[in-house]
Amino acid sequence: MLETEQPLRVGHRLWHFHGGLKLRHWKKISMESPLTSAGLPDRLELPLRQNIGEVPMVAVQPGDRVLKGQQLTRTNGSVSAHIHAPASGVVTEIGTVRAPHPSGLEFPGLVIEPDGTDGTCYQEPISDWLNADPNLLLDRVFHSGIVGLGGALFPTHAKLRRSEQRPVEVLVLNGAECEPYISCDETLMRDRPREIIRGACIMRHMLNARQCVIAIEDQMGVVEQVLRDALEELGMSDQALVVKVPTIYPEGGEKQLIRVLTGREVPSGGLPMDVGVVCQNVATAAATYRAVALGEPLMSRIVSVTGRGVQQPCNVEALLGTPISRLTAAAGGYTDQAQRLIMGGPMMGLSLPDDDLPVTKATNCVLVLTHRDVSPVAPELPCIRCGECARVCPAQLQPQQLLWHIRASEFDQAEDLSLADCIECGCCAFVCPSQIPLVDYYRYGKTENRVRAADRQRAEHSKQRLDARNIRLEAQKKQRKERLARKQKALAEDGKKSEIEAAVARSKARRAQRDPEA
Amino acid sequence: MKFATAGAPHVPAPKSVHWVMLQVLLALIPGTAAYVWFFGPGILVQITLAVAAAVAFEVLMLRLRRQPVSPFLNDLSAPVTAVLYALCLPPLMPWWTVVIGMGFAIVVAKHLYGGLGFNVFNPAMVGYVVVLIAFPREATSWLPPEMLAEHTISFGAALMAIFTGELPAPLTWDAVTQATPLDVIRTGATQDIMISEIRSNPLFGDFGGKGWEWIANFYLLGGLYLLFRRVITWHVPVAVMGVVIVMTLPVYLFDPGTNPFPLQHIFSGGIVLGACFVATDPVSGAASPLGRLVFGGGVAVFTLMIRRWGGYPDGFAFAILMMNMAVPLIDRYTRPRVFGQ
């Protein structure tokens with residue numbers, strides 16, 4: 001199926017992926033202002049769940065003084081990511097904090113009140129990183145709490161492990177942030193290209209990848225030249241290739257980008273590694289560089305604060321845990337028409353109930369939309385099977401059929417139609433003339449399928465336990481039987497029998513001596 | 001600051017069902033104008049009558065089904081059904097037959113199956129087939145194109161004919177109606193008359209019937225507009241017309257004396273209207289690109305079979321209804337490959 005025999009060459013041509021949308025970019029509005037800082041807030045709220053996989057546990061006590069960069073967590077899992085203190089200060093609360101989620105629900109977390117001093121607790125810089133032991137680098141990335149900063153939050157170290165069986169042919173640095181409005185990666189590439197390139201070299205060394213490409217969008221203007229210049233200045237032009245890809249949403253999706261760059265499709269349910277590719281976000285590469293070469297763990301990130309609902313859209317560097325209200329204030333505050341607050345972009349972002357929620361590792365964008373942006377053009381109507389959704393679906397699914405099955409609670413059928421391959425990009429819902437919130441249905445269907453799978457697993461587990469119990473009881477019964485049989489056998493033996501009789505006679509005699517009247 | 005939450009995507013769809021249906025209505029304007037040009041204003045009366053009846057039945061059914069009336073009326077699906085239905089009818093068909101067919105289309109074919117999006121059969125074709133079977137005389141009383149007609153029928157005369165069944169003196173029904181080109185071919189073929197001889201009848205134009213071929217051209221223009229606005233995809237029209245050509249060309253080449261040439265087939269009867277506007281109906285048609293090719297091909301095959309061996313001169317409506325039945329099967333076996341599988 002895959003031409004794994006042929007060496008994979010990237011950059012000489014691009015492939016297409018099915019579907020997708022050409023959307024209005026809305027990126028210029030936040031790119032015109034320079035990158036600013038959100039500063040040091042009075043309170044940093046850090047939810048523990050900021051990664052896919054195992055949630056780390058708190059390793060500090062309330063009242064502890066912590067230094068900037070100090071690791072606050074411990075974890076047993078290998079797919080997990082640590083949390084570090086974004087500033088020096090005091091841990092005031094360990095319990096729950098509100099996380100940026102539409103529900104506004106509380107999640108386990110901790111609160112740090114910064115003291116304004118700049119005491120740091122960084123790790124030892126690894127200066128000769130190009131010759132360092134990959135395992136040492138892997139450990140450093142793990143202990144720096146780095147996760148996929150494109151929003152996926154997959155622990156980065158888990159994607160940087162060398163494998164002898166499956167060599168990595170291409171390391172892709174994803175700078176194609178295809179969702180409208182978001183420009184944090186573009187800002188990073190424009191302002192800090194060297195960090196990205198050095199990070200790419202570290203990652204390439206760790207993976208022993210044959211090639212490295214930095215994929216950017218063709219609309220990104222100066223970024224291409226900036227990256228090329230930086231490569232030349234660093235003398236690393238042979239290390240990485242800058243490739244421009246057409247701006248089609250959702251081209252920044254890992255599977256779509258790999259398809260466009262290599263022509264290979266990540267198999268359904270598989271990983272990019274299966275086609276010899278590892279894909280990392282450009283901001284993740286920069287964070288890796290800082291962790292390795294400067295010893296700095298992941299403590300802050302660049303966030304686009306944009307949309308027609310803020311006065312002065314811009315990009316802001318914010319410490320993790322900074323309240324979103326501080327970011328919108330840095331963007332000049334809300335306009336009168338501010339209507340919806342979104343973490344992420346307009347296609348996949350989460351709608352937030354208020355702005356008193358912390359920035360997390362996933363917060364690439366704070367988008368404030370106005371009434372003009374969000375009002376539907378028509379009421380929701382039944383599906384007319386027009387097929388627009390199937391035409392734009394990058395996963396080549398049949399969205400209208402999935403909708404039909406999910407509405408009828410036929411989750412097995414939806415699973416047969418590869419519901420699990422849906423990447424929730426929102427293209428289908430965007431083009432639906434009946435204005436059906438299709439992605440909501442797919443999330444619901446996926447959750448149902450997960451719950452049912454978990455139920456099946458639990459049932460299977462209980463059955464195994466019951467079987468084990470029955471076997472155990474059976475064995476015990478057998479043992480008892482055997483013991484009894486042994487005893488009886490022993491009794492049956494004459495010698496023993498007479499011994500016992502003798503013992504009984506002796507005890508009778510003794511009793512008679514002691515108590516003559518009896 | 002507090003905000004109301006909502007699901008993604010946060011930017012609304014640029015298109016609506018209303019917009020889609022409006023495009024279909026706009027795309028039918030050139031064909032309708034050509035129809036009026038060649039066959040007089042009667043068709044306008046039929047369209048108005050059908051739309052009024054459709055809207056009335058739609059409101060009635062929405063009320064009965066306790067559905068909100070305004071969003072569903074505003075989707076314009078009922079007027080689209082009505083116009084497509086009316087364009088299948090003879091221009092002077094009596095008003096009550098028009099209303100009965102329309103009622104069957106909206107009440108039975110659409111709402112009893114669950115309303116917009118749930119109808120298995122194309123409602124316009126159901127309505128047309130009902131009047132064709134129930135009122136064969138009324139539903140086949142066609143007029144000749146105006147350049148061949150001895151009497152032109154004015155708007156007033158058309159109104160009178162439709163609503164009273166009487167023609168203003170000195171016109172008589174026998175004098176104004178005439179067989180369609182497909183009727184002529186059909187009767188000619190049963191009498192073993194050569195196609196070339198049949199085509200010497202003044203009813204025939206360059207490809208199909210005089211007048212009819214031009215109307216078909218304008219329908220095609222409307223179809224191209226829908227393609228351009230991305231309301232339809234190319235698959236169904238190309239499959240219908242392509243399969244008609246592929247099937248009729250060999251027999252025509254083999255024996256041009258008794259078999260009409262392919263363009264004759266395409267430009268007569270309902271093929272162009274059906275291929276561009278009816279078989280492309282998403283609700284009752286196949287979903288995937290391959291499925292649409294199969295659907296369109298099936299429509300062409302059934303149409304030709306009915307024209308050749310069936311009891312009706314044109315079989316387009318029947319062909320579409322038969323393929324509507326096959327849609328679940330087609331959809332099941334023409335699923336596209338999922339990314340990464």
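Chain identifiers are assigned alphabetically (A, B, ...) following the order of the sequence lines, protein sequences preceding nucleic acid strands; residue numbering begins at 1 within each chain.
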Under 4.5 Å from any heavy atom of chain A, what part of B/Arg292 do you find: side chain, backbone, both or neither?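 Just its side chain gets close to chain A.
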Counting only heavy atoms closer than 4.5 Å, note whether B/Ala287 contacts chain A via side chain, backbone, both or neither.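 For B/Ala287, backbone and side chain are both near chain A.
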Toward chain B, the part of [X] with a non-hydrogen atom under 4.5 Å:
X: A/Asp356; value: neither
X: A/Leu381; value: side chain
X: A/Ala429; value: both
X: A/Glu380; value: neither
X: A/Pro180; value: neither
X: A/Ile384; value: both

Heavy atoms, side chains only, cut-off 4.5 Å: are [X] and [Y] in contact?
X: A/Pro379; Y: B/Phe72; value: no
X: B/Val20; Y: A/Glu388; value: no
X: B/Met1; Y: A/Ser325; value: no
X: B/Val11; Y: A/Arg24; value: no
X: A/Asp421; Y: B/Gln341; value: yes

Once rounded to the nearest 0.5 Å, what's the spacing between atom [atom1] of [X] and atom [atom2] of [Y]?
X: B/Ser288; Y: A/Gln400; atom1: OG; atom2: CD; answer: 9.0 Å
X: A/Asp416; Y: B/Arg335; atom1: CG; atom2: CZ; answer: 7.5 Å
X: B/Thr233; Y: A/Arg391; atom1: OG1; atom2: CZ; answer: 9.0 Å
X: A/Arg385; Y: B/Asp331; atom1: CZ; atom2: CG; answer: 5.0 Å
X: B/His10; Y: A/Met348; atom1: NE2; atom2: CE; answer: 10.5 Å
X: A/Cys383; Y: B/Leu116; atom1: SG; atom2: CG; answer: 9.0 Å

Who wins among A/Val266, A/Leu352, A/Asp355 for the most heavy-atom pairs under 4.5 Å with chain B?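 Result: the option with the highest number of such pairs is A/Asp355.
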Are more than 12 heavy atoms from other residues, nucleotides or ligands located less than 6.0 Å from atom [atom1] of [X]?
X: B/Arg230; atom1: CZ; result: no
X: B/Arg337; atom1: CZ; result: yes
X: A/Trp404; atom1: CH2; result: no

Under 3.5 Å, is there a donor-acceptor pair between the side chain of A/Glu265 and the main chain of B/Phe339?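 Side chain of A/Glu265 to backbone of B/Phe339, a donor-acceptor pair under 3.5 Å: no, none is there.
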A/Gln339 side chain vs B/Phe3 backbone, donor-acceptor pair below 3.5 Å: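 Checking the backbone N and O of B/Phe3 against the side chain of A/Gln339, no donor-acceptor pair under 3.5 Å is found.
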Can you name the closest pair of heavy atoms from [X] and [Y] and give their distance?
X: A/Arg340; Y: B/Gly7; answer: NH1-O, 4.4 Å
X: B/Val338; Y: A/Ser418; answer: CG2-OG, 3.6 Å
X: B/Ala13; Y: A/Val431; answer: CB-C, 4.3 Å

